[in-house]
Every structure is written in C-alpha cells, then in structure tokens.
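Note that the numbering runs from 1 along the sequence shown for the chain.
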Amino acid sequence: MWCVGALGSKTMTPSAPFPLAGAASRAPTNSLASLHLHRASRRPRPPSAVSLSNHSSFGPKLSSKKILTIRCSAALSPELKNTLDKVVTSHKVVLFMKGTKDFPQCGFSNTCVQILRSLNVPFESINILENELLRQGLKEYSSWPTFPQLYIEGEFFGGCDITVDAYKSGELQELLEKAMCS
C-alpha cells in the first residue's frame with residue numbers, strides 16, 4: 001500500500017507518536033519541491049516520519065521509516081496549458097465542474113449550472129472528475145484551488161460564491177450579455 005504526500009511537502013520526524021492534525025499549520029514548508037511516496041507497513045507500528053503538505057487542512061500523513069522522494073514537475077505542463085488556452089478561448093462561456101451540466105455531481109457545480117441556465121446562456125461544461133491531471137493543472141492555471149471554475153471570454157471569472165454574488169448583483173448578467181454580443 002502506498003500513501004502519496006502532496007507537492008511541496010516536507011518530511012519531518014514527529015515530536016509525539018501521534019501528532020494532532022493542527023500541527024500541519026505550524027510546520028515549515030517548501031515550494032513545489034517533490035512528491036513523497038511512503039511505503040505503508042503491513043502491521044501497525046508507531047510512525048517514524050510525518051509528511052506535511054503545504055495546505056494546512058490536509059494535516060499530517062503518517063508513514064513508516066522508508067521514504068522514496070521523487071522529483072516531479074508541476075501539474076500544469078506546457079501541453080496542458082496550451083490545451084486549456086484553446087478550450088477557454090474557443091467558447092464564450094466554459095464551466096469546469098464536477099460532473100456534467102446534465103448530471104452535476106456537486107452542489108456548487110449544480111448552482112453554477114442553474115445560474116447559467118436561468119440566464120439562457122449557452123456554455124460548454126467540462127467534467128474535471130474524469131481526469132486527475134486536468135483537475136490539478138486547472139488549479140495552477142487559474143490560481144484557484146476549488147471547483148467549479150467559470151471562464152467568460154477566455155478569462156477566469158470565479159468559483160461558485162463569486163458567480164452567485166455576481167448573479168445577485170446583476171454584474172454576471174451584464175458581463176454575459178457583452179460576451180454574447182461580441
């Protein structure tokens with residue numbers, strides 16, 4: 001069984017046998033440095049190392065003594081960036097979401113779909129659950145960590161909360177009208 005640490009994680013020896021999840025927020029971190037693969041043991045033993053990710057909400061990952069560090073590049077390859085550029089510029093409105101517009105698999109994605117449909121806006125939807133590299137690459141591409149992600153005329157607009165706020169204020173309708181007329 002393999003456990004995968006996050007990009008940019010730092011491996012540390014814990015001061016206590018079973019550290020609390022909050023310890024991750026106090027730990028030092030690296031920039032996009034490496035991916036740690038930890039070989040999990042077959043019988044329970046106290047952990048000898050803790051892999052802490054850059055994102056404090058993930059908490060520590062417990063592992064055994066052997067740690068194999070593999071250098072890896074960022075999730076957004078030049079090829080993926082070019083593909084994403086083409087996708088977001090070839091359609092006036094693109095929604096990267098969990099599921100499809102006909103079968104959303106996330107409440108936030110469903111909310112964005114319902115807003116766009118209520119405005120009678122034609123849009124392209126792309127299911128990010130079908131491709132892990134796409135999902136991770138989009139986070140870097142937009143500098144936005146969550147989904148759905150709405151793009152209007154090739155520009156990242158925002159996630160669900162921003163879309164809802166803009167819809168309520170009328171800003172989204174104005175922007176979409178301009179986009180449809182251009």
Side-chain angles (χ1 to χ4, degrees), residues 2-9 24 29-37 51 53-59 61 70-182:
W2 290 94
C3 302
V4 180
L7 282 175
S9 63
T29 58
N30 289 347
S31 61
L32 294 176
S34 62
L35 178 68
H36 295 286
L37 298 176
S51 175
S53 72
N54 282 342
H55 196 285
S56 61
S57 67
F58 290 120
K61 313 270 190 287
I70 300 172
R71 296 281 174 194
C72 64
S73 62
L76 184 61
S77 67
E79 296 83 13
L80 180 56
K81 183 184 181 314
N82 289 337
T83 301
L84 290 171
D85 285 339
K86 288 176 186 172
V87 169
V88 300
T89 57
S90 64
H91 304 282
K92 295 198 184 249
V93 181
V94 179
L95 182 65
F96 291 95
M97 60 180 287
K98 293 180 180 177
T100 64
K101 58 182 159 185
D102 295 325
F103 188 66
Q105 295 182 358
C106 157
F108 300 111
S109 294
N110 185 48
T111 298
C112 288
V113 167
Q114 294 309 314
I115 287 172
L116 294 172
R117 283 187 170 161
S118 75
L119 297 173
N120 294 317
V121 174
F123 66 98
E124 183 70 25
S125 68
I126 298 175
N127 184 0
I128 55 101
L129 295 176
E130 293 177 348
N131 188 319
E132 180 65 25
L133 286 176
L134 171 64
R135 183 169 47 234
Q136 295 307 319
L138 266 168
K139 291 177 184 181
E140 288 182 46
Y141 183 78
S142 64
S143 299
W144 194 260
T146 60
F147 293 96
Q149 293 183 7
L150 180 62
Y151 287 78
I152 301 173
E153 290 194 301
E155 297 292 322
F156 175 67
F157 181 76
C160 183
D161 291 342
I162 291 171
T163 303
V164 168
D165 291 345
Y167 175 72
K168 288 178 180 176
S169 72
E171 176 190 354
L172 181 62
Q173 293 87 323
E174 290 176 24
L175 183 61
L176 289 170
E177 284 176 13
K178 288 178 188 174
M180 294 300 121
C181 293
S182 64

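Rounding to the nearest 0.5 Å gives a distance of 10.5 Å between CG of L176 and SG of C181. Taking OG1 of T89 as the reference point, atom CG of L84 lies at 10.0 Å (rounded to 0.5 Å). If you take CD1 on I126 and OG1 on T100, they are separated by 12.0 Å, rounding to the nearest 0.5 Å. Atoms CZ and SG, from F147 and C112 in turn, are 12.5 Å apart once rounded to the nearest 0.5 Å. Rounding to the nearest 0.5 Å places CD1 of I128 at 5.0 Å from CZ of R135.
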Subject >> Check against side-chain contact (heavy atoms from CB on, under 4.5 Å), H91 and F123 >> reply: CA-CA 7 Å; H91 304 282; F123 66 98; over 6 Å; no

**OP:** Start with the C-alpha gap between M97 and F108, add the side-chain angles, then the distance that decides, and say whether side-chain contact (heavy atoms from CB on, under 4.5 Å) holds.
**Re:** CA-CA 9 Å; M97 60 180 287; F108 300 111; over 6 Å; no

**OP:** Kindly indicate, with the supporting measurements, whether the criterion side-chain contact (heavy atoms from CB on, under 4.5 Å) is fulfilled by L134 and T83.
**Re:** CA-CA 10 Å; L134 171 64; T83 301; over 6 Å; no

Please output the side-chain donor-acceptor pairs of residues 150-165 that fall under 3.5 Å, not counting sequence neighbours, one pair per line with the distance.
{"unit_1": "Y151", "atom_1": "OH", "unit_2": "Q149", "atom_2": "OE1", "d": "3.4"}
{"unit_1": "E153", "atom_1": "OE2", "unit_2": "S182", "atom_2": "OG", "d": "2.5"}
{"unit_1": "T163", "atom_1": "OG1", "unit_2": "G159", "atom_2": "O", "d": "2.7"}

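Taking the salt bridge (charged side-chain N to carboxylate O under 4.0 Å, His left out) definition, one finds that E79 meets it with nothing, sequence neighbours left out. Remark: N82 pairs with no residue by the side chain to side chain donor-acceptor pair (under 3.5 Å) rule, at least two apart or across chains.
Side-chain contact between Y167 and S118: present, with at least one pair of heavy atoms (C-beta onward) separated by less than 4.5 Å. In this structure the side chain of F96 reaches within 4.5 angstrom of the side chain of V87, judged on heavy atoms.
A side-chain hydrogen bond (donor to acceptor under 3.5 Å, both in side chains) check over residues 171-181, counting only residues at least two apart or in different chains, returns nothing. Sorted by first and then second residue, the side-chain hydrogen bond (donor to acceptor under 3.5 Å, both in side chains) pairs involving residues 103-114 (not counting sequence neighbours) are N110-Q114. Listed by first and then second residue, the salt bridge (charged side-chain N to carboxylate O under 4.0 Å, His left out) pairs that reach into residues 89-113 are D102-R117, sequence neighbours excluded.
Of all non-hydrogen atoms in P148 and L95, the two that sit nearest each other are CB-CD1, 3.8 Å.
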